[in-house]
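No hydrogens, no waters, no symmetry mates; every other heavy atom, side chains included, goes into these values. In each ligand, atom 1 is the first atom listed, and ligand 1 is the first ligand listed.
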Amino acid sequence: MAINRKIQTLDEFTIQQMRDFPNATGELSGLLRDIGLAAKRVNVEVNKAGLVDILGDAGTMNVQGEEVKKLDIFANNQFMGVLQHGISCAGIGSEELDDIVIFDDEISNKSKYVCLFDPLDGSSNIDVNVSIGTIFSVFRRVTELGKPATKADFLQKGIHQVAAGYVIFGSSTMLVYATKRGVNGFTLDQSIGEFTLSHPDIKCPETGKIYSVNHGNFFKYEQHVQKYITACQNKNKDNGGPYTQRYIGSMVADVHRNLIKGGIFMYPGTTDKPKGKLRLLYECNPFAYIVEMAGGLATNGNQRILEIEPTEIHQRTPMFIGSKLMMEEFANTK
Ligand code: AHM
Ligand code: MG
């Protein structure tokens, strides 16, 4: 049987990248491998979500007062479990946990990285078989190695991320991650149980024709946001349109599509929630890093997302993200 040497697994890819850096310790590749393993376990459960009793609510609210789904908890425990048992992560922050968890054991205290994640984003879509995803962000610790990590390791500006990524559980399961060396996408080959490189060196098209926003909130948005949305609707073939509205309600799926096809995704502040809904540290920062590394832009309407100084683990921010020229057009409607 001929062996297809063109296939490169996630582990092979990260190890190969590491070889270019003789001083690399391999901890980051280890961390990505751990995340890949958790993603495969979550994938198995997501795929049988309709068959077993893991759909629906767990009967509790998370720290943001939102209903927690059973699969959210499963995903949270998988990611936390592999990171705790691995050797690369000193602690985690998660959408599902009130506070950060510092692993504080001999090995973890020597680990270079901390990780923040949203274990299952878009989880209101689970019950109806619509794409959902996991989002993660990795920082190098700023506190002394050998001691337990602290909150300061987590409350860093997004520009200091060393890696960020997401897993999308869609028509196929993909893991996409970015480092300063670029953005690469891996599709899960279910037959061998491995993520294999399918989208090398992803670049976000400079412009696109898709805008993604919750139109139901239109009248609660600031005037300049309304103006931009109206401009998107008024595009015609003389000015690069018409634009198409696409909004799944799973940010992972919406931003993934726009990253590949070109487009803009918006979750603006509203009159009742001026900071919007999305969380800076484990939803906006990782996507801002990925999209910027792919050539796009991400702001809160005034400031680059990656420059925001965080003060709390669960803080929210308005978010505008996507193709460079569309983001510039949006900024110019102000
Ligand atoms: P979640 O973390 O509770 O799943 O919420 C985040 C999700 C995003 O994936 C999505 O973009 C947004 O909520 C949709 O919100 P809305 O229904 O208000 O448009
Ligand atoms: Mg979320």
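Taking only nitrogen or oxygen atoms, main chain and side chain alike, Gly122 reaches within less than 3.5 Å of ligand 1. Where the criterion is an N or O separation shorter than 3.5 Å, residue side chain and backbone included, Ser250 fails it with respect to ligand 1. Polar contact check, Asn217 against ligand 1: no nitrogen or oxygen pair lies under 3.5 Å apart. Distances between N or O atoms of Ser124 and those of ligand 1 include no value under 3.5 Å. Residue Met251 has at least one N or O atom closer than 3.5 Å to an N or O atom of ligand 1.
Between Glu328 and Lys324 there is a salt bridge, with a side-chain nitrogen of the basic residue lying less than 4.0 Å from a carboxylate oxygen of the acidic one.
Every atom of ligand 1 with a heavy atom of Glu95 under 4.0 Å away is listed here by number and element: 2 (O), 3 (O). Distances below 4.0 Å separate heavy atoms of Asp118 from the following atoms of ligand 1: 2 (O). Counting atoms of ligand 1 from 1 in the listed order, those under 4.0 Å from a heavy atom of Phe265 are 11 (O). Within ligand 1, the atoms closer than 4.0 Å to a non-hydrogen atom of Arg279 are 1 (P), 2 (O), 3 (O), 5 (O), numbered from 1 in the order shown. Using a 4.0 Å cut-off to heavy atoms of Asn214, the atoms of ligand 1 that qualify are 16 (P), 18 (O), 19 (O).
Remark: Leu278 CG to Thr317 OG1 distance equals 8.5 Å, nearest 0.5 Å. In this structure, the separation between NE2 on His85 and CG on Asp34 is 11.0 Å, given to the nearest 0.5 Å. Rounded to the nearest 0.5 angstrom, Lys220 NZ and Thr271 OG1 are separated by 6.0 Å. To the nearest 0.5 Å, atoms CG (Leu120) and OG1 (Thr134) are separated by 5.5 Å.
Distances from the Mg ion (ligand 2) to the N/O/S atoms of Glu95 are shortest for OE1. Summary: OD1 is the N/O/S atom of Asp121 found nearest to the Mg ion (ligand 2).
Partner Phe287 forms a ring-ring contact (aromatic ring centres under 6.0 Å, His included) with one of Phe265, Tyr166, Tyr177 and no other, that one being Tyr166.
When Glu96, His215, Lys277 are checked for heavy-atom proximity to atom 12 (C) of ligand 1, Lys277 turns out nearest.
Geometry note: the Mg ion (ligand 2) is the vertex, Asp118 OD2 and Glu283 OE2 are the arms, and the angle is 90° (rounded to 10 degrees).
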**Asked** Given the rule in the side-chain contact (heavy atoms from CB on, under 4.5 Å) test, do Lys273 and Arg316 qualify, once you have shown the distances and angles that lead to the verdict?
**Response** CA-CA 10 Å; Lys273 291 181 184 149; Arg316 297 174 196 263; over 6 Å; no

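Without hydrogens or angle criteria, His256 side chain to Val252 main chain gives no donor-acceptor distance under 3.5 Å. In this structure, the side chain of Ser212 engages the main chain of Arg246 through a donor-acceptor pair within 3.5 Å.
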